[in-house]
Amino acid sequence: MVLRYPSYYDKFHCIAGRCEDTCCAGWEIDIDDDSYQYYMSVEGEFGERLRENIREYAPEDEDVYESHGFVLQENRRCPFLNEENLCDIYTALGEAALCDVCRNTPRNILEYGGERELAISASCAEAGRLIYGEKGITTFVEKEIEDILDVEETEEEKEFACYIRIARDEAIRILQNRELSVYQRIRLFLSYAQEVQECLNQNVVSKISEIVVEDFFHEPDKFDSDISERMTAEKRYELFLQRMLTFTEMESINAEWQNMLLLLQNYFITPEQGRERYESAQAKWQEYLSAQGREFEYEHLMVYYVFMCLARCVDDYDFIGKAKLAVVSFLMIRDMDAVWYLEKGENCRREDRIMMARIYAKEVEHSEENLGFLAEEFLFEDCFCVNNLSGCV
């Protein structure tokens, strides 16, 4: 089978106790059945400790995929995460004893069309350093491995997956065309995603391959209405407020997210001059980023979300919904970057950008409840229609 992943994936390794955050706090930690059976067989004092800290999930438990999980401690920390932020299971029993979720995190695995794709999540700071990476475009590794998927797919499913993969790769090509500004590329990406979705809606998936991406490059004005130039500051601010309302209604994963929402509110959601402060902050931040030659970081962020998310529409045919998730994630992280830029005295290091992406990713990517909530909002809320999203870019 084919294995595909970003080229920076090979450079990733967990830095364990040296990390400024931990993957072992903030969410449920499910235990796969094989690991559960093994933990039940471990003898001695550590085996007793294992069994005392495992619970069986109730039928109404949300965001769980297995029958068992660890009993979380204060601040939703894993009971085996010690004071040095190291794993006692790893120390006592070795890496092979880790359950699947702990062994794979922060990796994302998607299997479709007889192929497997790997990504690493920006919720991990070390992964974020690789995602934002170097100035060059993100490249991808593709190789044959001796493995097969656990789930059998029909030839029709494989064919559909092939067209979706083509669309995803073409979307990345649009986002990496540096002859255009990164903001124009994002708007063109949304226009392209709309055309792909139209093929899906009409059940003519083969027509995806007939969409000529070069037209987006050679005649960008035809596909990019540049609505952001015509959208008033009042309208942009209104859409920002609606976007903020949506994100305040989500399940909260950790205190960092709550603190960031509060910071955005204190700076930009005020009875007087909130709109002016928001517009000024965005203009200053984007000017600062451009002057430093760092707009490529937003390109990398978009490519990260597009590679990881778009192909997941093989399950629900919602290509435009996954595209909106990528763009809304960009908009929200850009808002966070802008307010942090002000908070730090009009300065924002690369490490600060990595932190913003990490806080956002932990809140959104690792909660099926939040992802489902956003998918519903994208369908029915006007602030998330393509024109309004394009205007905000």
Side-chain angles (χ1 to χ4, degrees), residues 21-83 85-93 95-111 121 123-124 150-151 246-259 261 308-309 312 315-316 318 321 325 358-380:
D21 195 11
T22 176
C23 297
C24 309
W27 42 59
E28 296 289 343
I29 302 175
D30 300 343
I31 304 172
D32 57 282
D33 290 341
D34 288 344
S35 296
Y36 173 74
Q37 295 298 330
Y38 170 67
Y39 293 158
M40 292 299 102
S41 71
V42 175
E43 299 179 350
E45 184 177 338
F46 196 78
E48 289 300 317
R49 183 184 169 195
L50 276 168
R51 288 180 281 279
E52 289 172 359
N53 285 284
I54 292 175
R55 73 180 182 97
E56 184 173 359
Y57 290 133
E60 63 271 16
D61 284 333
E62 297 180 348
D63 283 357
V64 296
Y65 299 91
E66 304 289 352
S67 300
H68 300 86
F70 290 117
V71 179
L72 300 184
Q73 309 299 301
E74 186 179 357
N75 297 326
R76 294 171 67 85
R77 286 173 66 91
C78 174
F80 295 94
L81 181 65
N82 62 35
E83 294 180 357
N85 276 349
L86 298 175
C87 175
D88 287 340
I89 294 178
Y90 186 103
T91 302
L93 303 175
E95 183 178 4
L98 297 177
C99 58
D100 285 349
V101 69
C102 294
R103 188 181 303 110
N104 292 331
T105 302
R107 298 165 182 84
N108 285 285
I109 303 172
L110 178 63
E111 296 179 335
S121 173
S123 62
C124 166
D150 292 334
V151 179
T246 294
F247 278 88
T248 57
E249 291 176 347
M250 295 193 313
E251 173 197 33
S252 179
I253 298 294
N254 58 59
E256 282 185 309
W257 173 252
Q258 289 295 327
N259 292 338
L261 291 181
M308 185 172 64
C309 297
R312 294 184 182 275
D315 294 325
D316 58 14
D318 187 17
L325 177 61
R358 174 180 61 79
I359 293 171
Y360 176 86
K362 287 189 74 168
E363 173 66 14
V364 174
E365 292 176 28
H366 296 277
S367 170
E368 288 298 320
E369 180 179 335
N370 286 343
L371 288 170
F373 173 76
L374 287 176
E376 289 288 315
E377 294 288 292
F378 296 163
L379 282 173
F380 301 113

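Remember, it's a predicted structure, so these values are computed and weren't measured experimentally. Starting from 1, each residue takes its place in the sequence as its number. Note: hydrogens, waters and symmetry copies are ignored here, and every other heavy atom, side chains too, is used.
In terms of modelled atom types and a separation under 3.5 Å, the side chain of Asp32 and the main chain of Ser35 share a donor-acceptor contact. Formation of a donor-acceptor pair under 3.5 Å by the Arg49 side chain with backbone atoms of Gly44 is not found in this model.
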Requested in this report: Evaluate the criterion side chain to side chain contact (heavy atoms under 4.5 Å, CB included) for residue pair Phe70 and Ile89; output intermediate values, then yes/no.
Outcome: CA-CA 12 Å; Phe70 290 117; Ile89 294 178; 3.7 Å; yes
Report task. Show the numbers, then the answer: is there a side chain to side chain contact (heavy atoms under 4.5 Å, CB included) between Phe373 and Glu251? Result -> CA-CA 9 Å; Phe373 173 76; Glu251 173 197 33; over 6 Å; no
Report task. Check the pair Arg55 / Leu72 against side chain to side chain contact (heavy atoms under 4.5 Å, CB included), numbers first and verdict last. Result -> CA-CA 10 Å; Arg55 73 180 182 97; Leu72 300 184; over 6 Å; no
Requested in this report: List the steps, then state whether side chain to side chain contact (heavy atoms under 4.5 Å, CB included) holds for Leu325 with Leu371.
Outcome: CA-CA 9 Å; Leu325 177 61; Leu371 288 170; 4.0 Å; yes
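For the residue pair Tyr39 and Ala97, the shortest heavy atom distance occurs at OH-O, 2.7 Å. Across Glu363 and Asn370, no two heavy atoms sit closer than the pair O-ND2, 2.8 Å. Taking every heavy atom of both residues into account, Ser123 and His366 meet most closely at OG-NE2, 2.7 Å. The shortest heavy-atom contact between Ser121 and Glu365 is OG-OE1, 2.8 Å. Smallest separation of non-hydrogen atoms from Asn108 and Met308: ND2-SD, 3.2 Å. In terms of heavy-atom proximity, Tyr57 sits nearest to Asp30 at OH-OD1, 2.7 Å.
The CG atom of Leu98 sits 11.5 Å away from the CZ atom of Phe80 when rounded to the nearest 0.5 Å. Considering OG of Ser41 and CZ of Arg51, their distance stands at 8.0 Å, rounded to 0.5 Å. The distance from the CG atom of Leu261 to the OG1 atom of Thr248 is 7.0 Å, given to the nearest 0.5 Å. Summarising the geometry, atom CD1 belonging to Ile54 is positioned 12.0 Å from atom OG belonging to Ser67; distances are rounded to the nearest 0.5 Å.
Residues Asp100 and Arg103 are in side-chain contact: their nearest non-hydrogen atoms beyond the backbone lie under 4.5 Å apart. The side-chain heavy atoms of Leu81 and Gln73, taken from C-beta on, include no pair separated by under 4.5 Å. Counting only heavy atoms from C-beta outward, the side chains of Thr246 and Leu374 approach each other to under 4.5 Å.
The number of heavy-atom neighbours closer than 6.0 Å to CD of Glu95, taken from other residues, nucleotides and ligands shown, is 12 or below. In this structure, Tyr90 places its OH atom where only 12 or fewer heavy-atom neighbours from other residues, nucleotides or ligands lie under 6.0 Å away.
Looking at Glu256 and Arg358, a side-chain N of the basic residue comes within less than 4.0 Å of a carboxylate O on the acidic one, giving a salt bridge.
The ring-ring contact (aromatic ring centres under 6.0 Å, His included) check on Tyr36 picks up His68, with sequence neighbours excluded.
Screening Leu93, Ile31, Asp33, Leu50 against Tyr38 for a side chain to side chain contact (heavy atoms under 4.5 Å, CB included) leaves a single residue, Leu93.
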